[in-house]
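The block underneath contains the structure these notes are about, expressed in structure tokens.
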Amino acid sequence: MNKMTVKDLKDLKGKRVLVRCDFNVPMKDGAITDENRIIGALPTIKYLMEHGAKTVLCSHMGKPHSIFSDEVKLNKKDKKKVDAGETTAEAIIEKAKKDEPKKLTLAPVAKRLNELLGGKVTFASDVVGADAQAKVAALKEGECVLLENLRFHWEEEKKDLEFCKKLASFCEIYVNDAFGTAHRSHASTAAIVEYGLVKTAVCGFLIEKELTVMADSLEHPTRPFVAILGGAKVADKLNVISNLLEKCDTLIIGGGMAYTFLKAQGGSVGTSLVDEEKLGYCKEMLEKAKSLGKELLLPVDTVVCKDFPDPIDAPVEIKTVVSKEIPADMMGLDIGEETRKLFADKIKTAKTVIWNGPMGVFENPTLAAGTIAVAQALADAKGATTIVGGGDSAAACTQLGFADKITHISTGGGASLELFEGKVLPGIACLNEK
């Protein structure tokens with residue numbers, strides 16, 4: 001890794017440092033239900049505080065509507081309501097203006113940080129307004145202030161220059177420690193550096209670990225190198241599949257995306273999820289694997305149901321069939337027992353393993369066996385570097401109790417996927433090189 005880190009900064013005493021964190025934590029009734037991202041940010045924050053920096057923390061929370069913009073942006077759920085004539089876009093935005101500042105405020109995060117950091121954290125009720133300016137100006141050495149949710153400003157995602165100038169005015173040094181948003185080119189993740197508003201820009205300990213473990217394992221893996229991809233859609237992982245085929249020795253494909261590959265091979269997949277437009281691409285990837293001498297493993301048996309569970313954890317009746325012989329009225333929702341053994345045996349022979357995407361609908365206990373088997377195989381891969389690339393795979397490992405047996409669980413699903421693609425991430429590209 002050739003990017004500067006906070007440890008490369010020589011004199012932090014009295015310096016104002018803006019840290020982009022990822023405090024997008026799950027909340028229920030105003031309470032934090034999982035504080036892993038907060039705990040993960042502490043090493044960088046503590047380092048800065050201990051070295052006398054005046055630390056300004058910033059983060060987004062959730063996906064608020066653009067409630068302070070003239071632009072009307074609706075999520076998919078709201079669009080359906082508007083299309084069905086149940087409400088109007090204007091009514092949704094008006095409701096958002098009242099509800100979202102309360103639901104998506106970072107105030108509970110500030111409170112928890114203050115408890116964890118000895119009462120040295122204050123909270124600004126805005127991002128670049130009067131309260132933020134006053135609290136940043138009042139900072140003493142070794143203290144922190146957390147700004148309100150960046151995405152309450154449409155200017156954050158639009159990389160608005162004036163907004164960037166206001167953010168940059170809070171600091172002499174910029175630290176990015178939010179790997180989960182490093183693939184986004186937003187004001188706080190990259191633009192304040194790209195615009196030349198902050199000259200000293202480094203990564204925190206979280207991003208340093210992500211780059212050291214994941215990027216180095218991709219570029220210089222100890223072989224055999226096994227990559228596992230799951231999840232729903234082939235379209236989400238087009239470039240990932242192609243890039244990994246060039247790097248790994250074996251590519252395992254499970255989850256919903258496997259059915260498009262199976263159909264491309266001439267199999268019958270019933271009502272399983274299939275991306276018809278990507279059948280040709282799947283044939284190309286099967287040929288690419290063959291021409292490169294790489295092994296591409298697909299499920300040999302599949303757990304099927306009549307219907308997708310609704311709600312997702314509802315009881316379901318299942319049976320197991322040959323993967324290429326799924327009945328016309330049934331859909332594949334998990335890998336079968338033979339496939340679990342096939343995949344696990346291959347994983348256990350590996351020295352480097354990366355995994356992104358569950359093997360089935362793991363949120364349903366009846367359809368979680370495949371995902372559990374893969375997680376267990378990673379945990380049992382003795383002497384191997386095992387990496388889980390964020391998102392649902394990371395959630396599954398944590399929920400199933402395997403997190404402490406995995407070498408590295410990424411904090412960013414989308415960012416880790418783009419790293420697997422071989423892309424340069426804007427939030428990392430902008431940082432100073434050593």
Is it the case that atom [atom1] in [X] sees more than 12 heavy atoms from other parts of the structure closer than 6.0 Å?
X: Glu317; atom1: CD; value: no
X: Glu337; atom1: CD; value: no
X: Lys166; atom1: NZ; value: no
X: Glu276; atom1: CD; value: yes
X: Glu35; atom1: CD; value: yes
X: Lys81; atom1: NZ; value: no

Side-chain contact test, heavy atoms from C-beta onward, threshold under 4.5 Å: evaluate it for [X] versus [Y] and give yes or no.
X: Leu117; Y: Leu42; result: yes
X: Asp313; Y: Glu363; result: no
X: His186; Y: Arg151; result: yes
X: Met285; Y: Leu251; result: no
X: Leu197; Y: Tyr174; result: no
X: Phe23; Y: Leu146; result: yes
X: Phe179; Y: Ile428; result: yes
X: Leu229; Y: Asn356; result: yes

**Message:** Evaluate Arg184 against Glu157 for salt bridge (Lys or Arg N to Asp or Glu O under 4.0 Å), listing each step before the verdict.
**Reply:** CA-CA 8 Å; Arg184 306 291 187 198; Glu157 293 181 80; over 6 Å; no
Of all the heavy-atom pairs spanning [X] and [Y], show the shortest one and how long it is.
X: Pro309; Y: Ala314; result: CB-O, 4.1 Å
X: Leu378; Y: Ile387; result: CD2-O, 4.4 Å
X: Phe308; Y: Val361; result: CE1-CG2, 3.7 Å
X: Lys159; Y: Tyr195; result: O-OH, 2.7 Å
X: Pro299; Y: Gly254; result: CG-CA, 4.4 Å
X: Ala396; Y: Thr371; result: CB-CG2, 3.7 Å

Working to the nearest 0.5 Å, report the span between [atom1] of [X] and [atom2] of [Y].
X: Phe343; Y: Thr250; atom1: CZ; atom2: OG1; answer: 11.0 Å
X: Glu338; Y: Thr302; atom1: CD; atom2: OG1; answer: 10.5 Å
X: Phe123; Y: Leu106; atom1: CZ; atom2: CG; answer: 6.0 Å
X: Asn432; Y: Lys3; atom1: CG; atom2: NZ; answer: 8.0 Å
X: Met61; Y: Asp22; atom1: CE; atom2: CG; answer: 10.0 Å
X: Lys294; Y: Asp249; atom1: NZ; atom2: CG; answer: 6.5 Å

Closer than 3.5 angstrom, by distance alone: can the side chain of [X] be matched with the main-chain N or O of [Y] as a donor-acceptor pair?
X: Trp154; Y: Glu156; value: no
X: Glu210; Y: Thr411; value: yes
X: Thr386; Y: Thr407; value: yes
X: Asn24; Y: Gly62; value: yes
X: Ser393; Y: Val388; value: no
X: Asn364; Y: Ile312; value: yes
X: Thr212; Y: Glu208; value: yes
X: Ser291; Y: Lys288; value: yes
X: His220; Y: Asp216; value: no
X: Ser323; Y: Asp301; value: yes

**Request:** For Lys237 and Glu421, run salt bridge (Lys or Arg N to Asp or Glu O under 4.0 Å): C-alpha distance rounded to whole Å, both residues' side-chain angles, the deciding distance at 0.1 Å, then the answer.
**Result:** CA-CA 8 Å; Lys237 297 186 170 79; Glu421 281 185 47; over 6 Å; no
**Request:** Output, in order, the C-alpha distance, side-chain angles, deciding distance and verdict of side-chain hydrogen bond (donor to acceptor under 3.5 Å, both in side chains) for Thr352 and Thr385.
**Result:** CA-CA 5 Å; Thr352 303; Thr385 297; 5.1 Å; no
**Request:** Please lay out, stage by stage, how Phe261 and Ile241 fare under the test side-chain contact (heavy atoms from CB on, under 4.5 Å).
**Result:** CA-CA 12 Å; Phe261 276 89; Ile241 296 166; 4.1 Å; yes
**Prompt:** Do Arg20 and Ser188 pass the side-chain hydrogen bond (donor to acceptor under 3.5 Å, both in side chains) test, and can you show the C-alpha distance, the side-chain angles, and the key distance before you say yes or no?
**Reply:** CA-CA 7 Å; Arg20 179 47 158 104; Ser188 68; 2.8 Å; yes
**Message:** Quick one, Ile354 with Leu244, criterion side-chain contact (heavy atoms from CB on, under 4.5 Å). Give me CA distance, side-chain angles, the key distance, then yes/no.
**Reply:** CA-CA 10 Å; Ile354 63 169; Leu244 286 179; 3.6 Å; yes
**Request:** Start with the C-alpha gap between Lys158 and His153, add the side-chain angles, then the distance that decides, and say whether side-chain contact (heavy atoms from CB on, under 4.5 Å) holds.
**Result:** CA-CA 9 Å; Lys158 292 291 187 180; His153 287 259; over 6 Å; no
**Item:** Ion pair check, Glu172 and Lys199, cut-off under 4.0 Å
**Value:** no
**Item:** Evaluation steps, salt bridge (Lys or Arg N to Asp or Glu O under 4.0 Å), between Glu100 and Lys103
**Value:** CA-CA 5 Å; Glu100 289 184 358; Lys103 288 182 181 177; over 6 Å; no
**Request:** Evaluate the criterion side-chain contact (heavy atoms from CB on, under 4.5 Å) for residue pair Cys203 and Thr5; output intermediate values, then yes/no.
**Result:** CA-CA 5 Å; Cys203 66; Thr5 76; 3.7 Å; yes
